[in-house]
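Note that this is a predicted model, so its numbers are computed, not measured.
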Amino acid sequence: MRGVKALSRATCAIIALLAVSASASPPPDLNALLARWDRDEHPDLRGVVVLHHGKRVAERYYNGAAAGELHDIRSAGKSVTALMVGIAIDRSAIQSVDDPVSRYWPEAAGSAIGPVAMRDLLSMRSGLAAFDEDPASPGNEDRMDEAANPLAFVRGVPSETRPGTRYRYNSATSYVAGVVVAKATGQTMADLARQRLFAPLGITRWRWDSDAAGVTKGQGNLWLTTRDLARIGEMVRNKGQLGGRRIVSARWISAMTARVVSIADSDPYADHYGYFWYRKTHQAGGIAVTVSFASGNGGNKIYVVPSCNLVVGITSSAYGRGYGQRRSEAILKAILDAEVGAGRCRAG
(Lines give C-alpha, C1' and ligand atoms only; values in the text may rest on other atoms or scores of the structure.)
Protein backbone atom coordinates (compact mmCIF):
# COMPACT_ATOMS: atom_id res chain seq x y z
CA MET A 1 0.00 0.00 0.00
CA ARG A 2 2.85 2.39 0.81
CA GLY A 3 4.29 1.85 -2.66
CA VAL A 4 0.92 2.46 -4.27
CA LYS A 5 0.43 5.66 -2.26
CA ALA A 6 3.93 6.88 -3.14
CA LEU A 7 3.29 6.15 -6.82
CA SER A 8 -0.03 7.95 -6.59
CA ARG A 9 1.61 11.02 -5.07
CA ALA A 10 4.31 11.02 -7.73
CA THR A 11 1.70 10.67 -10.48
CA CYS A 12 -0.27 13.59 -9.05
CA ALA A 13 2.87 15.72 -8.91
CA ILE A 14 3.67 14.97 -12.55
CA ILE A 15 0.11 15.77 -13.62
CA ALA A 16 0.22 19.06 -11.68
CA LEU A 17 3.56 19.97 -13.26
CA LEU A 18 2.23 19.21 -16.73
CA ALA A 19 -0.86 21.28 -16.03
CA VAL A 20 1.24 24.27 -14.94
CA SER A 21 3.48 23.91 -17.98
CA ALA A 22 0.49 23.71 -20.28
CA SER A 23 -1.08 26.83 -18.79
CA ALA A 24 2.13 28.91 -18.67
CA SER A 25 2.33 31.70 -21.22
CA PRO A 26 5.25 31.77 -23.65
CA PRO A 27 7.91 34.47 -23.13
CA PRO A 28 6.78 37.81 -24.55
CA ASP A 29 8.23 38.96 -27.87
CA LEU A 30 10.04 41.98 -26.51
CA ASN A 31 11.88 42.67 -29.75
CA ALA A 32 8.54 43.15 -31.46
CA LEU A 33 7.45 45.35 -28.58
CA LEU A 34 10.56 47.54 -28.89
CA ALA A 35 9.89 47.95 -32.60
CA ARG A 36 6.96 50.22 -31.69
CA TRP A 37 9.46 53.00 -31.06
CA ASP A 38 10.79 52.79 -34.61
CA ARG A 39 7.92 55.15 -35.36
CA ASP A 40 8.60 57.56 -32.51
CA GLU A 41 8.19 61.16 -33.61
CA HIS A 42 11.44 62.23 -31.92
CA PRO A 43 14.63 60.99 -33.63
CA ASP A 44 16.80 60.81 -30.51
CA LEU A 45 16.18 57.42 -28.92
CA ARG A 46 19.43 55.45 -29.25
CA GLY A 47 19.12 51.95 -27.81
CA VAL A 48 17.27 49.57 -25.50
CA VAL A 49 18.72 46.35 -24.06
CA VAL A 50 16.63 43.97 -21.94
CA LEU A 51 18.14 41.24 -19.76
CA HIS A 52 16.13 38.45 -18.12
CA HIS A 53 18.05 36.33 -15.60
CA GLY A 54 21.16 37.95 -17.10
CA LYS A 55 20.40 36.76 -20.62
CA ARG A 56 19.90 39.34 -23.35
CA VAL A 57 16.30 38.73 -24.47
CA ALA A 58 15.76 41.90 -26.49
CA GLU A 59 17.94 44.58 -28.06
CA ARG A 60 17.08 47.33 -30.47
CA TYR A 61 18.80 50.45 -31.78
CA TYR A 62 17.25 53.52 -33.30
CA ASN A 63 18.06 56.47 -35.50
CA GLY A 64 21.34 55.08 -36.81
CA ALA A 65 22.75 53.98 -33.44
CA ALA A 66 24.59 50.67 -33.07
CA ALA A 67 25.61 48.29 -30.30
CA GLY A 68 29.15 49.66 -30.08
CA GLU A 69 28.14 53.31 -29.73
CA LEU A 70 29.44 55.09 -26.63
CA HIS A 71 26.77 57.33 -25.22
CA ASP A 72 26.85 60.09 -22.61
CA ILE A 73 24.44 58.85 -19.93
CA ARG A 74 24.52 62.21 -18.13
CA SER A 75 23.30 62.03 -14.52
CA ALA A 76 22.87 58.26 -14.61
CA GLY A 77 26.61 58.49 -13.98
CA LYS A 78 25.77 59.67 -10.44
CA SER A 79 24.52 56.15 -9.75
CA VAL A 80 27.88 54.76 -10.88
CA THR A 81 29.56 57.24 -8.51
CA ALA A 82 27.47 55.67 -5.74
CA LEU A 83 28.91 52.28 -6.72
CA MET A 84 32.40 53.75 -6.51
CA VAL A 85 31.70 55.05 -3.00
CA GLY A 86 30.62 51.53 -2.09
CA ILE A 87 33.81 50.06 -3.54
CA ALA A 88 35.87 52.56 -1.51
CA ILE A 89 33.95 51.55 1.63
CA ASP A 90 34.40 47.85 0.86
CA ARG A 91 38.16 48.47 0.62
CA SER A 92 38.12 50.44 3.92
CA ALA A 93 39.38 53.57 2.17
CA ILE A 94 36.19 55.25 3.36
CA GLN A 95 35.27 54.08 6.83
CA SER A 96 31.60 54.99 7.13
CA VAL A 97 28.77 56.97 5.55
CA ASP A 98 28.57 58.75 8.91
CA ASP A 99 31.97 60.35 8.32
CA PRO A 100 32.08 64.02 7.31
CA VAL A 101 33.43 65.07 3.94
CA SER A 102 36.35 66.88 5.58
CA ARG A 103 37.73 63.62 6.99
CA TYR A 104 38.79 62.69 3.45
CA TRP A 105 39.00 66.15 1.90
CA PRO A 106 40.75 68.27 4.56
CA GLU A 107 40.70 71.36 2.35
CA ALA A 108 36.90 71.39 2.75
CA ALA A 109 37.17 72.01 6.49
CA GLY A 110 35.62 75.36 7.34
CA SER A 111 33.36 75.34 4.29
CA ALA A 112 29.65 74.47 4.29
CA ILE A 113 30.33 71.10 2.67
CA GLY A 114 33.08 70.05 5.11
CA PRO A 115 30.94 68.83 8.04
CA VAL A 116 28.30 67.14 5.87
CA ALA A 117 28.04 63.40 6.51
CA MET A 118 28.54 61.16 3.50
CA ARG A 119 25.03 59.71 3.92
CA ASP A 120 23.54 63.20 3.50
CA LEU A 121 25.79 63.86 0.52
CA LEU A 122 24.66 60.64 -1.17
CA SER A 123 20.96 61.28 -0.55
CA MET A 124 20.98 64.89 -1.83
CA ARG A 125 20.37 66.28 1.66
CA SER A 126 23.63 68.18 2.11
CA GLY A 127 21.93 71.43 3.10
CA LEU A 128 23.93 73.37 0.50
CA ALA A 129 22.33 76.23 -1.39
CA ALA A 130 22.55 74.10 -4.53
CA PHE A 131 19.54 73.29 -6.70
CA ASP A 132 20.00 72.37 -10.34
CA GLU A 133 16.45 73.36 -11.30
CA ASP A 134 17.06 76.97 -10.23
CA PRO A 135 19.56 78.87 -12.42
CA ALA A 136 19.91 81.48 -9.67
CA SER A 137 20.96 78.91 -7.06
CA PRO A 138 24.55 79.58 -5.89
CA GLY A 139 25.47 75.89 -6.35
CA ASN A 140 23.65 75.33 -9.64
CA GLU A 141 25.33 72.77 -11.93
CA ASP A 142 25.86 75.21 -14.80
CA ARG A 143 27.71 77.60 -12.50
CA MET A 144 29.94 74.76 -11.29
CA ASP A 145 30.68 73.62 -14.84
CA GLU A 146 31.68 77.14 -15.83
CA ALA A 147 33.98 77.63 -12.83
CA ALA A 148 37.72 77.87 -13.54
CA ASN A 149 38.35 75.94 -10.31
CA PRO A 150 35.40 73.62 -9.53
CA LEU A 151 37.01 72.46 -6.26
CA ALA A 152 37.13 76.03 -4.97
CA PHE A 153 33.63 76.61 -6.32
CA VAL A 154 31.98 73.85 -4.28
CA ARG A 155 33.91 74.90 -1.16
CA GLY A 156 32.40 78.35 -1.64
CA VAL A 157 28.76 77.25 -1.90
CA PRO A 158 26.97 78.39 1.28
CA SER A 159 24.61 76.31 3.37
CA GLU A 160 20.87 76.85 3.12
CA THR A 161 19.38 74.29 5.53
CA ARG A 162 20.63 71.89 8.16
CA PRO A 163 22.14 68.74 6.54
CA GLY A 164 19.83 65.74 6.49
CA THR A 165 16.60 67.73 6.58
CA ARG A 166 15.66 68.44 2.94
CA TYR A 167 16.13 66.73 -0.42
CA ARG A 168 17.40 69.10 -3.12
CA TYR A 169 18.51 67.62 -6.44
CA ASN A 170 21.92 68.99 -7.38
CA SER A 171 25.14 67.92 -9.05
CA ALA A 172 27.50 69.61 -6.60
CA THR A 173 27.06 66.89 -4.00
CA SER A 174 27.71 64.03 -6.43
CA TYR A 175 30.78 65.89 -7.63
CA VAL A 176 32.00 66.07 -4.02
CA ALA A 177 31.30 62.34 -3.59
CA GLY A 178 33.70 61.73 -6.47
CA VAL A 179 36.28 64.02 -4.88
CA VAL A 180 36.02 62.06 -1.62
CA VAL A 181 36.53 58.75 -3.48
CA ALA A 182 39.65 60.14 -5.14
CA LYS A 183 41.07 61.62 -1.93
CA ALA A 184 40.34 58.49 0.09
CA THR A 185 41.82 56.03 -2.42
CA GLY A 186 44.66 58.12 -3.83
CA GLN A 187 43.40 57.49 -7.40
CA THR A 188 41.21 59.36 -9.80
CA MET A 189 37.73 57.90 -9.72
CA ALA A 190 38.08 56.95 -13.40
CA ASP A 191 41.23 54.92 -12.67
CA LEU A 192 39.57 53.20 -9.72
CA ALA A 193 36.52 52.44 -11.85
CA ARG A 194 38.72 50.94 -14.56
CA GLN A 195 40.35 48.56 -12.07
CA ARG A 196 37.53 47.74 -9.67
CA LEU A 197 34.31 48.09 -11.66
CA PHE A 198 34.65 48.15 -15.43
CA ALA A 199 37.39 45.53 -15.87
CA PRO A 200 35.68 42.99 -13.56
CA LEU A 201 32.43 43.53 -15.48
CA GLY A 202 34.18 43.03 -18.82
CA ILE A 203 33.56 46.65 -19.85
CA THR A 204 36.47 47.67 -22.06
CA ARG A 205 35.09 50.63 -24.01
CA TRP A 206 34.06 53.62 -21.94
CA ARG A 207 34.93 57.23 -21.17
CA TRP A 208 34.50 59.26 -18.00
CA ASP A 209 35.16 62.96 -18.45
CA SER A 210 37.17 65.10 -16.04
CA ASP A 211 36.71 68.79 -15.24
CA ALA A 212 39.08 71.75 -15.36
CA ALA A 213 40.67 70.60 -12.10
CA GLY A 214 41.37 67.13 -13.50
CA VAL A 215 38.71 65.58 -11.25
CA THR A 216 36.51 62.78 -12.61
CA LYS A 217 32.98 64.16 -12.90
CA GLY A 218 31.07 62.33 -10.21
CA GLN A 219 27.94 64.14 -11.35
CA GLY A 220 27.90 62.44 -14.76
CA ASN A 221 29.45 62.66 -18.22
CA LEU A 222 30.17 58.94 -18.23
CA TRP A 223 30.05 57.35 -21.68
CA LEU A 224 28.97 53.70 -22.04
CA THR A 225 27.33 51.41 -24.55
CA THR A 226 23.71 50.43 -23.97
CA ARG A 227 24.79 46.82 -23.39
CA ASP A 228 27.26 47.86 -20.71
CA LEU A 229 24.67 50.08 -19.07
CA ALA A 230 22.50 46.98 -18.73
CA ARG A 231 25.50 44.95 -17.53
CA ILE A 232 25.96 47.34 -14.62
CA GLY A 233 22.26 46.93 -13.84
CA GLU A 234 22.59 43.16 -13.85
CA MET A 235 25.40 43.38 -11.32
CA VAL A 236 23.14 45.50 -9.11
CA ARG A 237 20.27 43.02 -9.55
CA ASN A 238 22.64 40.27 -8.42
CA LYS A 239 23.45 42.24 -5.27
CA GLY A 240 26.94 43.23 -6.31
CA GLN A 241 28.23 40.24 -8.20
CA LEU A 242 28.31 39.04 -11.79
CA GLY A 243 29.56 35.82 -13.29
CA GLY A 244 30.35 34.49 -9.85
CA ARG A 245 32.65 37.43 -9.09
CA ARG A 246 31.99 39.79 -6.19
CA ILE A 247 32.43 43.41 -7.31
CA VAL A 248 30.50 45.42 -4.71
CA SER A 249 29.29 44.17 -1.34
CA ALA A 250 25.65 43.08 -1.06
CA ARG A 251 25.39 45.30 2.01
CA TRP A 252 26.27 48.37 -0.05
CA ILE A 253 23.85 47.49 -2.87
CA SER A 254 21.04 47.19 -0.32
CA ALA A 255 21.94 50.49 1.35
CA MET A 256 22.38 52.27 -1.99
CA THR A 257 18.98 51.23 -3.35
CA ALA A 258 17.05 51.59 -0.07
CA ARG A 259 14.18 54.01 0.49
CA VAL A 260 16.19 56.74 2.21
CA VAL A 261 14.00 59.77 1.50
CA SER A 262 10.53 60.17 -0.01
CA ILE A 263 10.57 62.37 -3.13
CA ALA A 264 7.19 61.59 -4.69
CA ASP A 265 6.00 65.15 -4.07
CA SER A 266 8.83 66.61 -6.16
CA ASP A 267 9.57 63.92 -8.76
CA PRO A 268 6.84 62.44 -10.99
CA TYR A 269 9.08 59.50 -11.94
CA ALA A 270 10.16 58.28 -8.50
CA ASP A 271 8.76 57.53 -5.06
CA HIS A 272 12.01 57.42 -3.10
CA TYR A 273 15.68 58.29 -3.36
CA GLY A 274 18.53 56.21 -1.94
CA TYR A 275 22.23 56.89 -2.49
CA PHE A 276 22.14 58.43 -5.99
CA TRP A 277 19.62 55.70 -6.98
CA TYR A 278 15.84 56.04 -7.34
CA ARG A 279 12.93 53.71 -6.55
CA LYS A 280 9.39 53.59 -7.86
CA THR A 281 6.57 51.07 -7.54
CA HIS A 282 4.61 50.57 -10.75
CA GLN A 283 1.26 48.87 -11.19
CA ALA A 284 1.49 46.30 -13.99
CA GLY A 285 -1.10 43.67 -14.80
CA GLY A 286 -2.77 44.11 -11.43
CA ILE A 287 0.35 43.70 -9.29
CA ALA A 288 2.80 46.15 -7.71
CA VAL A 289 6.33 45.95 -9.12
CA THR A 290 9.17 47.90 -7.51
CA VAL A 291 11.94 49.25 -9.73
CA SER A 292 15.32 50.66 -8.68
CA PHE A 293 16.88 52.87 -11.29
CA ALA A 294 19.60 55.24 -12.39
CA SER A 295 18.40 58.25 -14.33
CA GLY A 296 20.06 60.74 -16.64
CA ASN A 297 18.96 63.80 -18.59
CA GLY A 298 17.20 62.90 -21.81
CA GLY A 299 15.87 59.56 -20.63
CA ASN A 300 19.06 57.58 -20.03
CA LYS A 301 18.17 54.77 -17.63
CA ILE A 302 19.24 51.63 -15.85
CA TYR A 303 16.06 49.95 -14.63
CA VAL A 304 16.55 47.07 -12.19
CA VAL A 305 13.47 44.94 -11.46
CA PRO A 306 14.31 42.13 -8.99
CA SER A 307 10.78 40.68 -8.81
CA CYS A 308 10.85 40.15 -12.58
CA ASN A 309 14.54 39.10 -12.76
CA LEU A 310 14.78 41.93 -15.25
CA VAL A 311 17.15 44.74 -16.23
CA VAL A 312 16.46 47.38 -18.88
CA GLY A 313 19.15 49.74 -20.19
CA ILE A 314 18.05 52.74 -22.27
CA THR A 315 20.18 55.36 -23.99
CA SER A 316 18.68 58.55 -25.39
CA SER A 317 20.00 61.91 -26.53
CA ALA A 318 16.81 63.89 -25.82
CA TYR A 319 18.85 66.16 -23.56
CA GLY A 320 16.83 68.95 -21.99
CA ARG A 321 13.57 67.63 -23.42
CA GLY A 322 10.93 66.35 -21.03
CA TYR A 323 9.57 63.79 -23.44
CA GLY A 324 12.81 61.81 -23.12
CA GLN A 325 11.99 60.83 -19.54
CA ARG A 326 8.35 60.11 -20.40
CA ARG A 327 9.38 57.92 -23.32
CA SER A 328 11.81 55.84 -21.27
CA GLU A 329 9.19 55.26 -18.58
CA ALA A 330 6.69 54.28 -21.29
CA ILE A 331 9.16 51.70 -22.63
CA LEU A 332 9.67 50.30 -19.13
CA LYS A 333 5.93 50.10 -18.46
CA ALA A 334 5.29 48.29 -21.75
CA ILE A 335 7.98 45.74 -20.88
CA LEU A 336 6.59 45.27 -17.37
CA ASP A 337 3.07 44.75 -18.70
CA ALA A 338 4.36 42.12 -21.13
CA GLU A 339 6.42 40.33 -18.47
CA VAL A 340 3.62 40.32 -15.89
CA GLY A 341 1.15 39.14 -18.54
CA ALA A 342 3.44 36.20 -19.31
CA GLY A 343 3.61 35.27 -15.64
CA ARG A 344 7.30 36.12 -15.34
CA CYS A 345 6.96 38.59 -12.46
CA ARG A 346 5.85 38.44 -8.87
CA ALA A 347 4.61 41.27 -6.70
CA GLY A 348 7.40 43.03 -4.91
Side-chain angles (χ1 to χ4, degrees), residues 49 68-95 97 101 104-105 118 121-122 150-151 171-243 245-253 255-257 274-277 292-297 300-302 304 311 313 315:
V49 170
E69 177 184 86
L70 285 177
H71 185 81
D72 184 356
I73 62 172
R74 298 293 175 95
S75 285
K78 290 179 171 67
S79 301
V80 180
T81 295
L83 288 169
M84 299 312 303
V85 172
I87 287 171
I89 289 174
D90 291 343
R91 294 172 56 77
S92 299
I94 295 174
Q95 297 299 313
V97 292
V101 167
Y104 305 98
W105 186 19
M118 290 297 295
L121 199 71
L122 293 163
L151 291 169
S171 292
T173 49
S174 49
Y175 174 76
V176 171
V179 172
V180 169
V181 169
K183 296 287 187 180
T185 62
Q187 298 178 265
T188 67
M189 192 162 61
D191 282 343
L192 185 66
R194 177 184 294 109
Q195 295 172 9
R196 301 293 175 178
L197 180 65
F198 298 143
L201 286 174
I203 296 174
T204 58
R205 295 186 62 251
W206 56 278
R207 185 178 116 203
W208 204 341
D209 293 343
S210 299
D211 66 9
V215 176
T216 305
K217 289 187 172 184
Q219 69 270 34
N221 297 120
L222 171 62
W223 299 67
L224 293 165
T225 68
T226 314
R227 286 180 178 178
D228 287 339
L229 202 60
R231 190 186 301 267
I232 290 170
E234 180 64 10
M235 183 268 291
V236 171
R237 188 187 73 83
N238 279 298
K239 301 186 184 302
Q241 58 184 350
L242 194 67
R245 182 172 184 176
R246 171 64 60 188
I247 298 167
V248 187
S249 67
R251 175 182 293 184
W252 181 254
I253 297 297
M256 182 184 75
T257 57
Y275 293 160
F276 298 154
W277 279 76
S292 294
F293 64 102
S295 180
N297 190 328
N300 293 284
K301 305 285 183 178
I302 307 173
V304 180
V311 170
T315 49

Using side chain to side chain contact (heavy atoms under 4.5 Å, CB included), reason through Arg91 and Thr185 one step at a time and then give a plain yes or no.
CA-CA 9 Å; Arg91 294 172 56 77; Thr185 62; 5.8 Å; no
Criterion side chain to side chain contact (heavy atoms under 4.5 Å, CB included) on Thr81 and Tyr175, from CA distance to verdict:
CA-CA 9 Å; Thr81 295; Tyr175 174 76; over 6 Å; no
Steps toward side chain to side chain contact (heavy atoms under 4.5 Å, CB included) verdict (Ile232, Ile203):
CA-CA 9 Å; Ile232 290 170; Ile203 296 174; 4.0 Å; yes
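Atoms CG and OG1, from Asp228 and Thr315 in turn, are 11.5 Å apart once rounded to the nearest 0.5 Å. With values rounded to the nearest 0.5 angstrom, Leu222 atom CG is found 11.0 Å from Ser75 atom OG. A distance of 15.0 Å separates CG in Leu83 from CZ in Arg196, rounded to the nearest 0.5 Å.
Thr216 places a side-chain N or O within 3.5 Å of a backbone atom of Ala190 that can act as its donor or acceptor partner. Judged by distance alone, with hydrogens and angles left aside, the side-chain atoms of Ser79 form a donor-acceptor pair with the main-chain N or O of Phe276 at under 3.5 Å. Looking at Arg205, its side chain never comes within 3.5 Å of a backbone N or O of Thr225 through a donor-acceptor pair.
Judged by distance alone, the side chains of Lys78 and Ser171 do bring a donor and an acceptor atom under 3.5 Å apart.
Nearest heavy-atom pair across Thr257 and Ser292 is CB-OG, 3.9 Å. Of all heavy-atom pairs spanning Trp206 and Leu224, the tightest one is CB-CD2, 3.8 Å. Between Ala184 and Tyr104, the closest heavy-atom pair is CB-CD2, 3.8 Å. Ile302 and Trp277 get closest at one heavy-atom pair: O-CZ3, 4.2 Å. Nearest heavy atom pair, residue Lys301 against residue Phe293, reads NZ-CE1, 4.0 Å. For Ile87 against Ile247, the heavy-atom pair with the smallest separation is CG1-O, 3.9 Å.
Under the side chain to side chain donor-acceptor pair (under 3.5 Å) criterion, Arg207 pairs with Asp209, sequence neighbours left out.
Annotation for Arg246: atom CZ counts as buried by contact number, over 12 foreign heavy atoms lying within 6.0 Å.
Salt bridge status for Glu234 with Arg231: absent, with no side-chain N to carboxylate O gap under 4.0 Å.
Counting heavy atoms from C-beta on, the side chains of Leu192 and Leu197 never come closer than 4.5 Å. Side-chain contact between Leu229 and Val49: absent, with no pair of heavy atoms (C-beta onward) separated by less than 4.5 Å. Put simply, the side chain of Leu201 reaches to within 4.5 Å of the side chain of Met235, judged on heavy atoms. Residues Tyr275 and Val97 have side chains in contact (heavy-atom distance under 4.5 Å, counting atoms from C-beta outward).
Applying side chain to side chain contact (heavy atoms under 4.5 Å, CB included) to Pro150 and the options Asp211, Val215, Val179 leaves one that passes, Asp211.
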